[in-house]
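Data first, discussion second: the structure below is written as structure tokens.
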Amino acid sequence: MYTHHNNELTIRDAGKRVRLKGFVQRARNLGNLVFVDLRDQEGITQLAFDADNELRMEAGRLKAEYVIEAEGKVRERSSKNKDLPTGDIEIDVDAFRVLSKAAQPPMLIRDETDALEEVRLRHRYLDLRRPRLKRLMKLRHQTVKATRDFLNEEGFMEFETPILTKSTPEGARDYIVPSRLDKHHFYALPQSPQLFKQLLMIGGFERYYQIARCFRDEDLRSDRQPEFTQIDIEMAFIDQEAVIDLTEKLMARIVKETKGVELKRPFPRMTYEEALRDYGTDKPDTRFGMKIVDTGETFAKSGFKVFKTVLEKKGTIRGVNAKSLAAAYSRKDLDGLTKEAERLGAGGLVHMKMEDGEIKSPIAKFLSEEEKDGLTEKMRMEEGDLVLLVADSEKTVQKVLGRLRIIIAKEQDLVSGDDLDFHWVVEWPMFEYDEEEGRYRSLHHPFTRVQDEDRAKLSSDPLAAKAYGYDLVVQGYELGGGSMRIHETKLQGEVFRVLSIDEKTQRERFGFLLDALSYGTPPHGGIALGLERLLMVLGQTENIRDVIAFPKTQSGHCLLTGAPSVVDEEQLRELALKKEKKRDG
RNA sequence: GGUCCUGUGGUGUAGCGGUUAACAUGCCAGUCUGUCACACUGGAGAUCGCGGGUUCGAUUCCCGUCAGGACCGCCA
């Protein structure tokens with residue numbers, strides 16, 4: 001046993017006999033004097049060997065990452081290290097023991113001088129020894145603990161729902177698991193516990209939560225993993241405001257306990273429509289301004305052909321003002337932005353700088369004085385400002401300008417990771433129209449409740465029907481979303497009808513839910529929050545792999561274990577599965 | 001499904017149509033009593049991801065493939 005962790009001892013412990021353990025961070029052999037930095041989960045303590053004896057010789061032979069145990073007396077250092085919490089003291093060691101030797105590690109176990117991520121993932125257990133990963137894993141634990149503490153106090157019950165469950169073709173691609181007992185039938189891993197938590201409400205539980213593992217077989221990104229965790233919450237006999245209020249309190253509690261910061265409540269809200277109008281996205285980063293502005297009538301009579309054509313086609317001309325960034329963007333930089341705009345589907349990008357009191361732009365010569373003045377006013381252009389305009393369909397303009405805002409903010413460092421701009425996007429539409437499939441699709445999911453006053457629009461004008469839906473957004477991440485659910489069989493049927501899901505399919509896929517709804521269902525609603533995304537924001541990292549102990553690569557591989565891997569023919573036979581012969585390409 | 005970037009001693013990088021493949025760090029040996037990324041001296045360590053092609057000659061150029069990363073599509 002040990003007496004202390006390696007972050008604990010201070011000058012007040014001088015003279016104490018202690019026993020420490022840990023990994024050798026580093027042995028510094030100065031000849032007749034040897035120092036060893038001993039690292040454990042909590043920190044580093046310096047061991048000193050200065051007696052002229054065998055012990056010192058042995059200490060000089062210690063290598064990085066050996067696991068040892070050492071005993072001795074705490075003493076004040078003659079030269080202190082103010083960078084270490086234990087920097088005032090060292091241990092005058094009189095006995096130590098090597099518990100385990102270590103091969104030369106493939107990477108430096110230190111925050112700086114990092115190996116590439118590929119090496120770190122292959123040897124994740126070594127990567128996890130680094131203080132940075134220690135800090136992030138601790139943050140994860142604290143966040144989950146704060147969540148459980150808070151929800152338990154609020155009268156919630158924690159549940160577990162099945163991991164082997166039924167495939168639901170709507171939505172993301174499922175991971176499937178073959179059944180041995182029922183040949184050619186498959187379980188699916190849950191994309192979320194959505195239906196189960198609703199069934200718990202129907203089962204008469206009023207406040208559910210789960211730290212729930214979810215699985216989606218889709219392509220990965222720097223903020224997406226094939227398996228990830230949601231803080232999943234559902235409540236009965238409440239309204240939307242109750243869910244929003246509870247979620248804000250939960251966020252406040254987590255931020256307080258992990259960062260020591262008080263969040264201002266209530267969080268700001270904007271409607272889905274406002275989000276798209278002002279920021280060009282349904283998950284705006286509101287840490288910086290640069291809102292999208294409609295030039296309206298400014299170019300109504302424009303002689304500039306591009307503008308004229310777009311307006312004739314019922315398109316729109318909108319822009320953003322990158323305040324005082326005219327000097328920051330050279331012609332070449334602007335070409336880069338233009339290329340990005342074109343890649344996103346815009347015909348081009350108009351840029352203008354306000355310099356020496358006048359608009360400088362490649363298209364300036366096509367604009368009348370009236371147009372220039374109008375634009376200056378609309379965009380609130382001042383000396384040194386850079387304005388970017390896109391003329392196209394509303395959808396394209398929003399997409400392009402929304403993207404350019406983010407690019408510029410990143411390039412120009414307009415954002416701070418400390419700025420927790422939690423806000424709600426509310427009043428989501430029930431449906432969007434899928435051009436490819438020629439039918440309506442749920443924006444949230446098919447169990448979302450339509451707002452009472454919009455119920456008639458389900459048949460008359462589905463696209464105008466608003467849902468009781470809400471997303472929590474921070475720093476441009478969709479942190480989570482939720483809704484009030486449908487609790488009547490009849491309404492659920494109406495929604496399925498809009499979605500063109502016929503009765504046979506309804507029965508096949510959701511029959512159990514429809515049956516359940518028919519036996520008396522409390523009004524209910526909830527929310528699901530992406531734990532990893534929250535941790536990325538709190539931990540100030542852009543990489544989701546940093547907040548997962550054993551993450552997978554962009555191609556879904558676990559470099560540590562080698563998953564996924566082939567299996568024995570025998571295993572396949574048992575499942576009545578056959579390998580498909582690889583076709584030559 | 002697509003676009004782009006990367007792959008060179010253990011690790012991170014440099015390099016170039018012909019080199020003894022360079023540098024840093026780590027590793028090994030030695031010197032050193034106040035280091036803390038110790039310092040100094042010396043040393044070992046690389047079929048340049050894999051396969052094919054072009055060429056008198058390929059680590060270098062081309063094609064394919066594999067692996068990692070960023071992004072688009074996708075993720076109700």
Side-chain angles (χ1 to χ4, degrees), chain A residues 25-39 44-52 56 60-61 63-65 75-84 86-87 90 102-123 126 168-174 191-192 194-195 214-226 228 339-340 343-345 399 403 406-407 428 430-432 434 436-437 439-448 467 469 478 481 483 495 499 501 509 528 530 542-543 545 552-557 559 562 585:
Chain A
Q25 175 70 37
R26 182 87 195 156
R28 287 181 294 280
N29 190 343
L30 280 65
N32 289 322
L33 174 66
V34 175
F35 295 111
V36 173
D37 286 340
L38 189 64
R39 181 192 71 236
I44 284 184
T45 298
Q46 176 168 285
L47 310 179
F49 303 79
D50 55 1
D52 187 15
R56 197 201 70 223
R61 287 193 285 269
K63 307 293 176 204
E65 303 308 314
R75 75 179 177 200
E76 184 171 4
R77 290 198 200 183
S78 56
S79 56
K80 301 187 170 48
N81 182 346
K82 53 184 175 346
D83 296 331
L84 274 183
T86 60
E90 64 193 4
Q104 183 188 345
M107 56 184 283
L108 282 182
I109 316 286
R110 239 193 262 149
D111 278 351
E112 64 279 14
T113 59
D114 252 356
L116 290 182
E117 209 178 357
E118 193 175 342
V119 176
R120 292 174 42 205
L121 289 177
R122 186 159 287 125
H123 304 277
L126 297 180
T168 50
E170 197 90 351
R173 200 175 292 121
D174 285 318
Q191 295 174 25
S192 81
Q194 180 62 35
L195 293 175
C214 305
F215 306 84
R216 291 179 193 176
D217 189 4
E218 293 293 344
D219 288 355
L220 306 176
R221 289 285 188 284
S222 57
D223 63 346
R224 284 194 234 149
Q225 281 274 302
F228 60 98
K339 228 175 147 189
E340 182 66 21
R343 209 173 56 76
L344 291 168
K399 184 171 158 195
R403 184 78 198 120
I406 303 293
I407 292 174
W428 283 63
M430 287 287 286
F431 311 103
E432 63 185 345
D434 187 327
E436 261 175 52
E437 295 188 35
R439 65 181 188 105
Y440 295 103
R441 285 168 44 141
S442 291
L443 221 61
H444 191 50
H445 57 55
F447 321 109
T448 303
E478 179 199 336
S483 62
V495 169
L499 294 171
I501 300 177
R509 294 185 187 169
E542 306 236 299
N543 182 344
R545 295 178 294 275
K552 293 180 178 61
T553 66
Q554 199 163 60
S555 47
H557 297 160
L559 295 182

Using only heavy-atom distances, decide whether a donor-acceptor pair under 3.5 angstrom links the side-chain of [X] to the base of [N].
{"X": "A/Arg224", "N": "B/C75", "answer": "yes"}
{"X": "A/Arg343", "N": "B/C4", "answer": "no"}
{"X": "A/Glu90", "N": "B/G34", "answer": "yes"}
{"X": "A/Arg221", "N": "B/G73", "answer": "yes"}
{"X": "A/Arg77", "N": "B/U35", "answer": "yes"}

State, to 0.1 Å, how close [X] and [Y] come at their nearest heavy-atom pair, and which atoms those are.
{"X": "A/Pro106", "Y": "A/Val119", "answer": "O-CG1, 4.0 Å"}
{"X": "A/Gly60", "Y": "A/Asn29", "answer": "CA-ND2, 3.7 Å"}
{"X": "A/Gly556", "Y": "A/Leu220", "answer": "N-CD1, 3.8 Å"}

Consider the side chain of [X], meaning its heavy atoms from C-beta on, and name the nucleotide among [options] that approaches it most closely.
{"X": "A/Ser79", "options": "B/C36, B/G68, B/G69", "value": "B/C36"}
{"X": "A/Lys399", "options": "B/A70, B/G10, B/G73", "value": "B/G73"}
{"X": "A/Leu30", "options": "B/G68, B/A70, B/G34", "value": "B/G34"}
{"X": "A/Arg545", "options": "B/G26, B/A70, B/G12", "value": "B/A70"}
{"X": "A/Arg28", "options": "B/C36, B/A70, B/C28", "value": "B/C36"}
{"X": "A/Gln104", "options": "B/A70, B/G34, B/C27", "value": "B/C27"}
{"X": "A/Ala115", "options": "B/U11, B/G73, B/G34", "value": "B/U11"}
{"X": "A/Lys63", "options": "B/U35, B/A70, B/C28", "value": "B/C28"}
{"X": "A/Arg216", "options": "B/C75, B/A37, B/U33", "value": "B/C75"}
{"X": "A/Gln46", "options": "B/A29, B/G73, B/U35", "value": "B/U35"}

Spacing between [X] atom [atom1] and [N] atom [atom2], to the nearest angstrom:
{"X": "A/Gln554", "N": "B/C75", "atom1": "CD", "atom2": "C1'", "value": "14 Å"}
{"X": "A/Leu47", "N": "B/U33", "atom1": "CG", "atom2": "C1'", "value": "17 Å"}
{"X": "A/Glu340", "N": "B/U3", "atom1": "CD", "atom2": "C1'", "value": "12 Å"}
{"X": "A/Leu84", "N": "B/G34", "atom1": "CG", "atom2": "P", "value": "19 Å"}
{"X": "A/Leu116", "N": "B/G12", "atom1": "CG", "atom2": "P", "value": "4 Å"}
{"X": "A/Arg120", "N": "B/G12", "atom1": "CZ", "atom2": "P", "value": "11 Å"}
{"X": "A/Asp83", "N": "B/C38", "atom1": "CG", "atom2": "C1'", "value": "15 Å"}
{"X": "A/Asp37", "N": "B/C38", "atom1": "CG", "atom2": "C1'", "value": "11 Å"}

Please determine whether a side-chain nitrogen of the Lys or Arg among [X] and [Y] lies less than 4.0 Å from a carboxylate oxygen of the Asp or Glu.
{"X": "A/Asp50", "Y": "A/Arg75", "answer": "yes"}
{"X": "A/Lys80", "Y": "A/Glu90", "answer": "no"}
{"X": "A/Asp37", "Y": "A/Arg28", "answer": "yes"}
{"X": "A/Glu218", "Y": "A/Arg216", "answer": "no"}

Euclidean distance for [atom1], [N] against [M] (whole angstrom):
{"N": "B/G68", "M": "B/G53", "atom1": "P", "answer": "28 Å"}
{"N": "B/C28", "M": "B/U65", "atom1": "P", "answer": "42 Å"}
{"N": "B/G73", "M": "B/G2", "atom1": "C1'", "answer": "8 Å"}
{"N": "B/G26", "M": "B/C38", "atom1": "P", "answer": "8 Å"}
{"N": "B/U6", "M": "B/G12", "atom1": "C1'", "answer": "13 Å"}
{"N": "B/A39", "M": "B/C50", "atom1": "P", "answer": "35 Å"}
{"N": "B/A58", "M": "B/G17", "atom1": "P", "answer": "15 Å"}
{"N": "B/G15", "M": "B/C27", "atom1": "C1'", "answer": "24 Å"}

Heavy atoms only, 4.0 Å cut-off, all strands: where does [X] land among base, sugar-phosphate and nothing?
{"X": "A/Lys82", "value": "nothing"}
{"X": "A/Ser555", "value": "sugar-phosphate"}
{"X": "A/Leu220", "value": "nothing"}
{"X": "A/Leu443", "value": "sugar-phosphate"}
{"X": "A/Ser442", "value": "sugar-phosphate"}
{"X": "A/Asp217", "value": "nothing"}
{"X": "A/Val34", "value": "nothing"}
{"X": "A/Leu559", "value": "sugar-phosphate"}
{"X": "A/Arg61", "value": "nothing"}
{"X": "A/Arg39", "value": "nothing"}
{"X": "A/Ser222", "value": "sugar-phosphate"}

Tell me the partner of [N], counting only Watson-Crick (N1-N3 plus N6-O4 or O6-N4) or G-U wobble (N1-O2 and O6-N3) with both under 3.5 Å; none if nothing fits.
{"N": "B/U65", "result": "B/G49"}
{"N": "B/U59", "result": "none"}
{"N": "B/C23", "result": "B/G12"}
{"N": "B/A70", "result": "B/U3"}

Toward the 5' end of RNA chain B, which comes first, A/Pro446 or A/Leu344, by nearest nucleotide? A/Leu344
Would you mind telling me which residue lines up with the more 5' stretch of RNA chain B, A/Arg403 or A/Glu118, judged by nearest nucleotide? A/Glu118
Taking A/Asp217's backbone N and O only, do any of them form a donor-acceptor pair with A/Arg173's side chain (distance below 3.5 Å, no angle check)? yes
Please check the phosphate of [N] (OP1 and OP2 only) for any side-chain N or O of [X] closer than 4.0 Å.
{"X": "A/Arg110", "N": "B/U25", "answer": "no"}
{"X": "A/Arg56", "N": "B/C32", "answer": "no"}
{"X": "A/Thr553", "N": "B/G68", "answer": "yes"}

Does one side chain, of A/Asn543 or A/Glu117, offer a donor that lies under 3.5 Å from an acceptor on the other? yes
Does A/Glu437 CD have over 12 foreign heavy atoms under 6.0 Å away? yes
